[in-house]
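A note on names: the letters A, B, ... follow the listed sequences, proteins ahead of strands, and every chain is numbered from 1.
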Amino acid sequence: MKSAVRVRFAPSPTGGLHLGGVRTALFNYLFARHHGGTFVLRIEDTDQTRFVPGAEHYILDCLEWCGISPDEGPHKEGRFGPYRQSERKSTYRAFAEQLIQQGHAYYAFDTPEELEAMRERFKSENNPSPQYNASIRAHMRNSLALDASEVERLLSEKTPHVIRINVPANQTVVLHDMIRGEVHFNSNEVDDKVLLKADGMPTYHLAVVVDDYQMQISHAFRGEEWLPSAPVHLLLWDFLGWKNSMPQWAHLPLILKPDGHGKLSKRDGDRLGFPVFAMDWHDPRTQELTRGFREMGFLPEAFINMLALLGWNDGSGEEVFDRSQLCERFSVDRIHKGGARFDFEKAKWFNQEWIKRKRDEELAPQVCERMKQQGIQVTQEAITPLIGLVKERCQTLMDFIPQLDYFFRDPVSVDWNSIRAKWDSGKKNFFTEWSNELAALAEWKTEAIEDSFKQVAIRLGIKPGEVQLSLRIMLVGGKFGPPVFLIAHYLQKDSTLSRISHAIHILDDAASS
RNA sequence: GGCCCGUUGGUCAAUCGGUUAAGACGCCUCCCUUUCACGGAGGAAUGAGGGGUUCGAUUCCCCUACGGGCUACCA
């Protein structure tokens with residue numbers, strides 16, 4: 001009786017794709033791959049007021065960047081399309097009507113104002129947000145409370161109306177969650193959710209059930225914030241007579257703010273200086289640009305690795321996994337129940353691990369691109385051999401820029417103070433002497449450069465170590481980077497000499513003034 | 001307020017009744033290196049509280065506290 005594994009990621013195209021969304025997509029993907037199943041993308045665009053052009057395409061791009069592209073979706077029609085709920089609009093109404101015939105739903109003609117008035121009227125200290133439920137629906141304008149003839153009239157006059165679920169009283173609805181086990185709900189606490197809106201579109205509640213059924217979804221992963229509405233969905237699966245086809249549910253733990261309280265939001269990223277969206281999101285309405293992990297210099301391998309370990313682990317103590325390892329090791333019973341705080345430091349560590357693991361040639365194109373964006377004249381060929389020199393110093397792709405910049409142009413800023421403190425005629429003499437030696441050097445090789453440096457130092461009675469930091473600052477601009485003689489080697493003779501002589505002038509001027 | 005979920009170091013977390021309560025990030029010290037990193041060796045730091053169950057509870061149950069989610073014709 002075991003059917004094929006089919007899972008879906010069902011975002012609504014309302015803006016950038018959040019970390020938590022990507023993780024839900026990822027867990028779906030990993031589960032599907034682990035079980036040889038199918039990963040479906042369904043666009044939940046039933047709220048026309050929140051629709052944002054470009055968002056769907058952006059979501060697809062994010063998933064592709066992460067390497068977790070869906071097997072079916074609006075981009076890749078399968079046997080279960082269409083994959084946009086707006087394009088499935090016509091299918092929902094019939095099910096809503098069917099529920100009415102069976103007494104499991106009813107028409108409601110209440111206007112937004114009337115609903116507001118109801119909430120005001122029944123609001124109390126003990127019940128600040130009254131629900132549209134068994135005790136209240138008798139007081140409202142719906143097909144359960146009104147005369148049949150009146151309902152007939154309202155309908156024939158095309159009075160705007162919605163269809164609500166008729167939640168039975170005094171029932172215990174039991175959810176069997178793959179992560180949380182049994183969760184019990186009392187139907188008296190569940191309100192008569194709108195199933196079909198006045199504009200004819202279904203709400204999430206109806207659409208998720210109809211679509212999961214029609215798309216033959218076997219396992220449904222979603223965020224924990226959906227747990228409270230699970231009984232509505234369970235009831236619908238039952239009412240529609242599809243109980244035996246219902247997917248197994250898994251409510252994922254939330255990703256929380258690093259500080260303070262609540263679930264992680266885009267605002268936290270803005271506030272704390274880290275990305276929350278997978279990729280840059282440019283809001284077409286507000287023109288606002290929100291930075292993404294990709295543009296901040298993260299590798300997709302690191303991004304999904306980090307996300308996979310947020311709320312799940314394989315118990316081995318290992319943490320760095322590539323996509324295929326994740327697919328292999330993923331299992332629902334090792335998903336956590338509790339929410340996990342997002343830690344940007346750890347995210348950067350994952351990225352650094354992945355940068356170290358990547359071959360220089362793989363990194364080169366992206367690093368090259370980023371340097372060009374900064375106006376630095378570079379080529380992939382020139383950069384590739386340098387990447388290995390600096391990559392263990394980089395946590396993001398952006399870190400390569402300052403690490404590589406000085407190889408291609410004179411340092412933009414120089415930490416003169418670090419040299420000046422101990423600058424004297426002896427040192428000036430040393431660098432002048434050494435420059436002459438370098439100029440005459442036959443072979444521009446790292447070892448030869450270093451040898452000559454040491455020889456001149458010894459000849460002048462200076463410890464090589466005492467002038468090495470000065471040299472580094474002259475060439476690099478600061479106290480960082482690979483071994484200094486290696487840098488001189490890559491810099492070539494002319495640049496090396498010119499930076500040294502430029503430094504001597506600067507330091508001399510400062511000394512004489 | 002109500003309903004639901006959760007709770008091991010600062011953070012991610014292992015443990016599925018018996019451990020000196022792993023490991024990782026971050027932090028600190030030292031080594032390597034006259035830069036910064038990488039690497040290596042150490043260190044500080046954890047079972048929310050109270051009741052049970054049990055020979056024995058971090059592990060099972062209950063209560064409390066705390067945290068979170070939901071409470072729309074949004075998903």
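With sequence neighbours excluded, no residue forms a salt bridge (charged side-chain N to carboxylate O under 4.0 Å, His left out) with Arg393(A).
Between His336(A) and rC12(B), a side-chain N or O to OP1/OP2 separation shorter than 4.0 Å is absent. Contact annotation: His261(A) does not reach the phosphate of rG67(B) (side-chain N/O to OP1 or OP2, under 4.0 Å). Between rU15(B) and Arg334(A), a contact under 4.0 Å exists linking OP1 or OP2 to a side-chain N or O. Using a 4.0 Å cut-off, some side-chain N or O of Thr46(A) falls inside it from OP1 or OP2 of rA75(B). The phosphate of rG2(B) (OP1 or OP2) has no side-chain N or O of Asn126(A) nearer than 4.0 angstrom. OP1 or OP2 of rU34(B) has not a single side-chain nitrogen or oxygen of Lys479(A) nearer than 4.0 Å.
Between Gln403(A) and Asn313(A), the residue anchored closer to the 5' end of RNA chain B is Asn313(A), taking for each the nucleotide with the nearest heavy atom.
Among the heavy atoms of the strands, none lies under 4.0 Å from Lys348(A). Among the protein residues, Gly311(A) comes within range of the sugar-phosphate backbone only, with heavy atoms under 4.0 Å from sugar or phosphate atoms but none that close to a base.
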Please write out each protein N/O paired with an N/O of nucleotides 3-6 of chain B under 3.5 Å, distance rounded to 0.1 Å.
unit_1 : atom_1 : unit_2    : atom_2 : d
rC5(B) : O2'    : Arg180(A) : NH1    : 2.5
rC5(B) : O2'    : Glu224(A) : OE2    : 2.9

With B for base contact, S for sugar-phosphate-only contact and - for none (protein heavy atoms under 4.0 Å), nucleotides 18-27 of chain B reads -----BBS--
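Sorted by first and then second residue, the pairs that involve residues 8-21 of chain A and meet side chain to side chain donor-acceptor pair (under 3.5 Å), not counting sequence neighbours, are Arg8(A)-Asp212(A).
Only Val162(A), Arg164(A), listed by number, bring a heavy atom of residues 161-178 of chain A to less than 4.0 angstrom from any atom of RNA chain B.
In secondary-structure terms, RNA chain B builds stems of at least 3 consecutive Watson-Crick or G-U pairs, each pair having both distances under 3.5 Å, at B:1-7 with B:65-71, B:10-12 with B:23-25, B:27-31 with B:39-43, B:48-52 with B:60-64.
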